[in-house]
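Here is the structure we will look at.
Every heavy atom of this structure was used, including side-chain atoms; hydrogens, water molecules and symmetry mates were not.
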Amino acid sequence: MKILLALAFALSVTQAMACICLSPEPIDSAYKRASTIFIGKAKEIVNDKFYFEQGEGAQVVIFDVIQGFKSSKVGKGPIAVMDMVSSSCSFNFEKDKTYVVFAYSDYAGVHVTDQCTRTRLLERFDEADLQRLKALPDSNKDNLRDIGIIRMLTPQYHDMVNKMNQLEEASASSRTLTIALITLLLVSAGLNFYLITNRK
């Protein structure tokens, strides 16, 4: 009985933590609300190096645009999209996979997406919806803002990694020095003890 209660509790907690989304938004209204829509291949993913203001970890995904539908254009630079990885509704993109991405601008003007948007793996995107998307008026624009975001994020990311490596190296050097000093003190104490006992 206790086991059954424990399993029921675990199931209820899992369900409470699961992402709950409303029914998929119709393609036409999703198109109007989205800041950018495109088919893209995830070429770089940066995990847990950037954070939203509330402290939630953000996954930054840099896409190569294969086909643009709104505010995106092939050959005009990559597009950066953020996904809140600490949320139960995070999308958790995978590198080198191709997606239909519906992203929405947050208060800072950064493209954000998650499971509750129309974003899907291309192979799982409904064909009828894809054809409707292709039939909607084209509103392509250059991806200059996204290129700027990538130029801002990438150096910060690499600089952060370099600083972390430097700290780890300094910490390792400090540990080595500490061990050497302790060893020297122990040897010195042992030698003093030996000299004192021999004098007696």
Side-chain angles (χ1 to χ4, degrees), residues 17-22 24-25 27 30-127 129-130 133-134 136 138-165:
M17 293 175 66
C19 177
I20 300 174
C21 303
L22 300 174
E25 187 175 12
I27 285 293
Y31 180 88
K32 289 177 183 177
R33 288 199 317 108
S35 58
T36 185
I37 305 170
F38 59 90
I39 296 174
K41 184 176 182 178
K43 74 168 191 175
E44 184 177 352
I45 296 177
V46 182
N47 283 305
D48 299 326
K49 298 295 180 185
F50 302 96
Y51 299 86
F52 289 95
E53 186 176 339
Q54 299 86 347
E56 296 94 340
Q59 180 188 69
V60 178
V61 188
I62 298 173
F63 289 95
D64 274 334
V65 179
I66 296 171
Q67 183 173 0
F69 300 111
K70 183 177 181 181
S71 298
S72 53
K73 200 168 185 179
V74 178
K76 292 294 184 179
I79 288 185
V81 176
M82 280 192 169
D83 179 26
M84 194 181 295
V85 292
S86 56
S87 165
S88 60
C89 291
S90 63
F91 200 91
N92 293 317
F93 292 94
E94 295 180 53
K95 188 176 178 180
D96 295 326
K97 290 196 174 182
T98 302
Y99 300 85
V100 180
V101 179
F102 284 69
Y104 300 81
S105 289
D106 70 354
Y107 63 91
V110 176
H111 296 315
V112 179
T113 192
D114 59 28
Q115 286 185 42
C116 292
T117 69
R118 278 283 191 163
T119 298
R120 297 288 183 276
L121 272 166
L122 177 60
E123 62 199 50
R124 294 182 184 173
F125 199 83
D126 184 78
E127 183 60 31
D129 287 339
L130 186 59
L133 193 58
K134 290 177 179 179
L136 288 169
D138 191 0
S139 61
N140 287 332
K141 297 177 183 177
D142 290 354
N143 311 327
L144 296 177
R145 185 189 68 177
D146 301 286
I147 295 169
I149 291 170
I150 293 163
R151 285 174 181 166
M152 176 187 71
L153 289 177
T154 305
Q156 287 181 357
Y157 166 61
H158 291 302
D159 184 52
M160 201 180 304
V161 170
N162 289 334
K163 285 180 180 177
M164 288 172 64
N165 290 336

Taking side chain as C-beta onward, heavy atoms only, is Val65 less than 4.5 Å from Lys73? no

Give the C-alpha distance, both sets of side-chain angles, the deciding distance and a yes or no for side chain to side chain contact (heavy atoms under 4.5 Å, CB included) between Thr119 and Phe93. CA-CA 10 Å; Thr119 298; Phe93 292 94; 3.9 Å; yes

Mind checking the CG-CD1 spacing from Asp126 to Ile27? Nearest 0.5 Å is all I need. 8.0 Å

For Arg118, which residues count as a side chain to side chain donor-acceptor pair (under 3.5 Å) partner, sequence neighbours excluded? Asp129

For residues Ile79 and Ser72, report the shortest heavy-atom separation together with the two atoms involved. CD1-CB, 3.5 Å

Residues in side chain to side chain donor-acceptor pair (under 3.5 Å) with Glu94, at least two apart? Lys97

Report the distance from atom CG of Leu136 to atom NZ of Lys32, rounding to the nearest 0.5 Å. 9.5 Å

Distance SG-SG for Cys21, Cys116 less than 2.5 Å: yes

Could you pull out all residues at least two apart from Phe38 that satisfy ring pair (Phe, Tyr, Trp, His ring centres under 6.0 Å)? Phe63

With rounding to the nearest 0.5 angstrom, report the CZ to OG1 distance, Phe102 to Thr113. 9.5 Å

Considering all heavy atoms of both residues, which atom of Arg120 and which atom of Phe91 are nearest to each other, and what is their separation? CA-CZ, 3.9 Å

Does any N or O in the side chain of Thr36 come within less than 3.5 Å of the main-chain N or O of Lys70, such that one atom is a donor and the other an acceptor? yes

Spacing of Asn92 atom CG and Asp83 atom CG [to the nearest 0.5 Å]: 6.0 Å

Chi angles and distances behind the side chain to side chain contact (heavy atoms under 4.5 Å, CB included) call for Tyr99, Leu121: CA-CA 4 Å; Tyr99 300 85; Leu121 272 166; 3.5 Å; yes

Inter-residue atom distance His111.NE2 - Ser71.OG, 0.5 Å rounding: 7.0 Å

Do Leu133 and Val100 have side-chain heavy atoms sitting under 4.5 Å apart? yes

Taking Gln115 for its side chain and Ser90 for its backbone only, find out whether a donor-acceptor pair lies under 3.5 Å. yes

Between CG of Asp64 and CD of Glu44, what distance do you get to the nearest 0.5 Å? 10.5 Å

Side chain to side chain contact (heavy atoms under 4.5 Å, CB included) for Leu130 and Ile39? Distances and angles first, verdict last. CA-CA 10 Å; Leu130 186 59; Ile39 296 174; 4.1 Å; yes

Could you report the tightest heavy-atom contact between Pro78 and Ile62, atom names first, then the distance? CB-CG2, 3.7 Å

For the pair Tyr104 and Val112, evaluate side chain to side chain contact (heavy atoms under 4.5 Å, CB included) and give the outcome as yes or no after the intermediate values. CA-CA 5 Å; Tyr104 300 81; Val112 179; 5.7 Å; no

